[in-house]
Amino acid sequence: MNCDDIRENDVIYRCIGDDFDQGILSCGFMRKRTADRSQYDFKIGYYSCFLILQGSGRFISQDGTVIPMQAGDLVQRLPERLHSTEIEPDGEWIEFYISVGYPVYHYLHKLGIINSDNEVQATRLTSDFVFDFAALLNSLKDAADERLPYLLIRAQELMIRLHGSVHYTQREHDDPKISKACQLIGSSNDIHYDMKEAAAAINMGYENFRKVFKAVTGISPQRYHIDHLMKQAKMMLLSGLPIKHVAVSLGYGDIYSFTKQFTKSEGVPPGRFTRNRLNQTD
């Protein structure tokens, strides 16, 4: 799929529950060819972000700060925050957006995944993201209502990749082999993933890989993987999925093994974690 295949608007709007701001799940591709597709003094009650695939423009924040926008930038529309997006009227603009309800934004922000301080952020993305976007869009179009919570998790995974806050750190980017290993480990949502596969993929012996990985990232490959799994677990739990489902999804043989690992990593068992977070207020 390339940008030439994208229609004027190829979008879908769904909602989990009856409250749009709380339960929206929407995504899609948008072409904006003319200046009248700009949005001034715009405000929404939920969270939305979009990746600019083509084109350029200006983002005007609530305090009047003007930030250039260009292809490759991730732009955030934060809940209840006034902003404007001014499109350069050259017919080139194409974006892919994802919108989720306010509670999802709230806990992703609390987990440090969404950085609300930067409404326009440059990304390091490859063309395969377009296929992932299209896959989410098509799945959301065809899904029965009871499948929406599962697609919400897929949308969150894409958002995490867009924000680049889970799989990469600056130190990892400095070593291309370890950066690739982090990507491989971070793409596995199974506790039984064999770290020797990551070592082999970057042509390193396992023992040397462990030493180099820890020297670059500060933690062992296994610890990195568990940290990734626990972040996935927290998202699933806060999305309302049962503990048993989360445990099975991450490859744990039983709830006890998962609960033991989660409690060791987070300091509280999964049930208490969910109750504590859902009871938090800004």
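Just so it is clear, the values below take in all heavy atoms, side chains as well, and ignore hydrogens, waters and symmetry mates. Predicted model only: the values in this text are computed from it and were never measured.
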ask   = Where is the tightest heavy-atom contact between Cys49 and Met159, given as atom of each residue plus distance?
value = SG-CG, 4.3 Å
query = Any side-chain heavy-atom pair from His228 and Lys231 closer than 4.5 angstrom?
reply = no
Sole candidate of Lys177, Met204, Lys196 that passes side chain to side chain contact (heavy atoms under 4.5 Å, CB included) when paired with Phe209 = Met204
query = What about Tyr47 and Tyr102, are their ring centers closer than 6.0 Å?
reply = no
Residue pair Leu25 / Leu148: nearest heavy atoms and the distance that separates them = CD2-O, 3.7 Å
task = Applying side-chain contact (heavy atoms from CB on, under 4.5 Å), name anything that partners Ala233, two or more places apart in sequence or on another chain.
result = Val246, Leu250, Phe258, Phe262
request  = For the residue pair Thr85 and Arg37, confirm or rule out a side-chain donor-acceptor distance under 3.5 Å.
outcome  = no
Residue pair Ser220 / Arg210, side-chain donor-acceptor N/O under 3.5 Å = no
query = Tell me, which pairs form a ring-ring contact (aromatic ring centres under 6.0 Å, His included) where one or both residues lie in residues 53-92, sequence neighbours left out?
reply = Phe42-His83, Phe59-His83
ask   = When you check the side-chain N and O atoms of Tyr206 and Glu197, is any donor under 3.5 Å from an acceptor?
value = no
request  = Among Ile, Leu, Val, Met, Phe, Trp and Tyr joined by side-chain contacts under 4.5 Å, find the other residues sharing a cluster with Ile60 and list them by chain and number.
outcome  = Val66
ask   = If we ignore angles and hydrogens, is there a donor and acceptor under 3.5 Å between the side chains of Ser257 and Gln261?
value = no
key: side-chain contact (heavy atoms from CB on, under 4.5 Å) involving Glu80 - partner list, sequence neighbours excluded   = Lys43
ask   = Quick one: are Val268 and Thr263 in side-chain contact, heavy atoms under 4.5 Å?
value = no
remark   = Applied to residues 56-73, the side chain to side chain donor-acceptor pair (under 3.5 Å) test, sequence neighbours excluded, yields Arg58-Glu86, Ser61-Asp63, Asp63-Thr65
request  = Establish, yes or no, whether a centroid distance under 6.0 Å links the rings of Tyr46 and Tyr105.
outcome  = no
Ser26: side-chain contact (heavy atoms from CB on, under 4.5 Å) partners, not counting sequence neighbours = Tyr13, Ile24, Tyr97, Ser99
query = In terms of hydrophobic clustering (I, L, V, M, F, W, Y; side-chain heavy atoms under 4.5 Å; direct or indirect links), are Ile243 and Val248 co-clustered?
reply = no
Side-chain H-bond candidate by donor/acceptor type, Asp190 with Ser188, under 3.5 Å = no
